[in-house]
Amino acid sequence: QVRLVESGGGLVQAGGSLRLSCVASGSFFSRNTMGWYRQAPGKQRELVAEITSGGSTNYADSVKGRFTISRDNAKNTVYLQMNSLKPEDTAAYYCTWALRSWGQGTQVTVSS
C-alpha cells in the first residue's frame with residue numbers, strides 16, 4: 001500500500017496561484033500513473049490531471065492551459081501548479097497513485 005500526503009491548499013483570490021504537492025511512501029511510485037482529482041460539495045469526484053510513469057499528461061478541459069501536473073520520481077512527489085484560479089476551482093483536491101491509493105485531501109478555496 002502506498003501512502004499519500006497532500007499539502008499546499010489554501011484560500012486564494014480569483015486569478016491567483018497555488019501549488020499542491022503530494023508525497024508518496026513506498027518504492028513503486030515511479031512505476032505508475034499519478035493523478036489529481038477534486039470534489040466540490042454536492043458533486044462527484046472528477047479528474048483534474050494525471051501523469052504517467054513516462055511523463056505523459058492528461059488534463060480536464062476545464063483546467064487546460066491553467067494547471068500543470070509534474071512529478072519528481074527521486075522525491076516520490078507529484079505536483080499540481082494551479083494558475084489563474086477561478087471560484088469554480090474551489091474543492092477538496094485528492095492525490096491518487098494508480099487509482100489504488102488516495103490521500104486525505106487538501107482544500108482549495110478561491111474567492112471572487
Side-chain angles (χ1 to χ4, degrees):
Q1 186 86 11
V2 172
R3 182 171 178 263
L4 305 171
V5 179
E6 303 106 330
S7 62
L11 173 64
V12 64
Q13 287 188 333
S17 298
L18 284 173
R19 187 194 197 201
L20 306 184
S21 299
C22 173
V23 180
S25 63
S27 58
F28 299 106
F29 172 83
S30 63
R31 301 183 187 181
N32 283 285
T33 296
M34 297 295 297
W36 286 98
Y37 282 68
R38 67 186 180 187
Q39 187 168 20
K43 295 188 177 181
Q44 288 188 332
R45 190 171 295 190
E46 63 177 2
L47 172 70
V48 176
E50 59 187 358
I51 183 167
T52 69
S53 59
S56 297
T57 58
N58 179 46
Y59 295 92
D61 287 343
S62 59
V63 307
K64 282 180 180 176
R66 300 188 298 121
F67 291 11
T68 302
I69 189 170
S70 62
R71 66 191 297 165
D72 184 338
N73 290 333
K75 296 182 179 180
N76 276 15
T77 303
V78 62
Y79 304 98
L80 185 68
Q81 178 66 44
M82 305 186 294
N83 298 328
S84 302
L85 282 161
K86 304 175 181 180
E88 50 263 44
D89 294 318
T90 295
Y93 283 70
Y94 298 89
C95 173
T96 179
W97 175 81
L99 294 179
R100 296 205 294 266
S101 293
W102 294 84
Q104 81 288 350
T106 186
Q107 180 67 35
V108 172
T109 302
V110 184
S111 63
S112 58

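Count residues from 1 along the sequence.
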Point to revise | Pairs involving residues 27-92, ordered by first then second residue, that meet disulfide bond (SG atoms under 2.5 Å apart) (sequence neighbours left out) | key: none

Review point. Taking only residues two or more places apart in sequence or in another chain, which ones pass side-chain contact (heavy atoms from CB on, under 4.5 Å) with E6?
Key: C22, W36, Y94, C95, Q104, T106

Review point. Sequence neighbours excluded, which residues qualify as side-chain contact (heavy atoms from CB on, under 4.5 Å) partners of S84?
Key: R66

Exercise for review: Scan for side chain to side chain donor-acceptor pair (under 3.5 Å) pairs involving residues 11-25, sequence neighbours excluded, and state none if there are none.
Suggested key: S17-N83

Practice item. Tell me whether F28 is reachable from V78 by hopping between hydrophobic residues (I, L, V, M, F, W, Y) whose side-chain heavy atoms are closer than 4.5 Å. Key: yes

Review point. Applying disulfide bond (SG atoms under 2.5 Å apart), which residue pairs with at least one partner in residues 59-88 are found, sequence neighbours left out?
Key: none

**Study point:** Whether S101 side chain and R3 backbone form a donor-acceptor pair below 3.5 Å
**Key:** no

Practice item. Sort and list the pairs that fulfil disulfide bond (SG atoms under 2.5 Å apart) and have at least one residue in residues 26-88, not counting sequence neighbours. Key: none

Exercise for review: May I ask whether V12 and V63 are part of the same hydrophobic cluster, defined by side-chain heavy atoms of I, L, V, M, F, W, Y residues being less than 4.5 angstrom apart, directly or through others?
Suggested key: yes

Review point. What residues form a side chain to side chain donor-acceptor pair (under 3.5 Å) with K64, not counting sequence neighbours?
Key: D61

Exercise for review: Would you list the pairs meeting salt bridge (charged side-chain N to carboxylate O under 4.0 Å, His left out) in which at least one residue belongs to residues 27-41, sequence neighbours left out?
Suggested key: R38-E46, R38-D89

Practice item. Could you tell me whether the side chain of R71 and the main chain of T52 form a donor-acceptor pair under 3.5 Å? Key: yes

Practice item. Report the residues that fulfil ring pair (Phe, Tyr, Trp, His ring centres under 6.0 Å) with Y37, sequence neighbours left out, ordered by chain and then residue number. Key: W102

Point to revise | Selection residues 53-83 - residue pairs positive for ring pair (Phe, Tyr, Trp, His ring centres under 6.0 Å), sequence neighbours left out | key: none

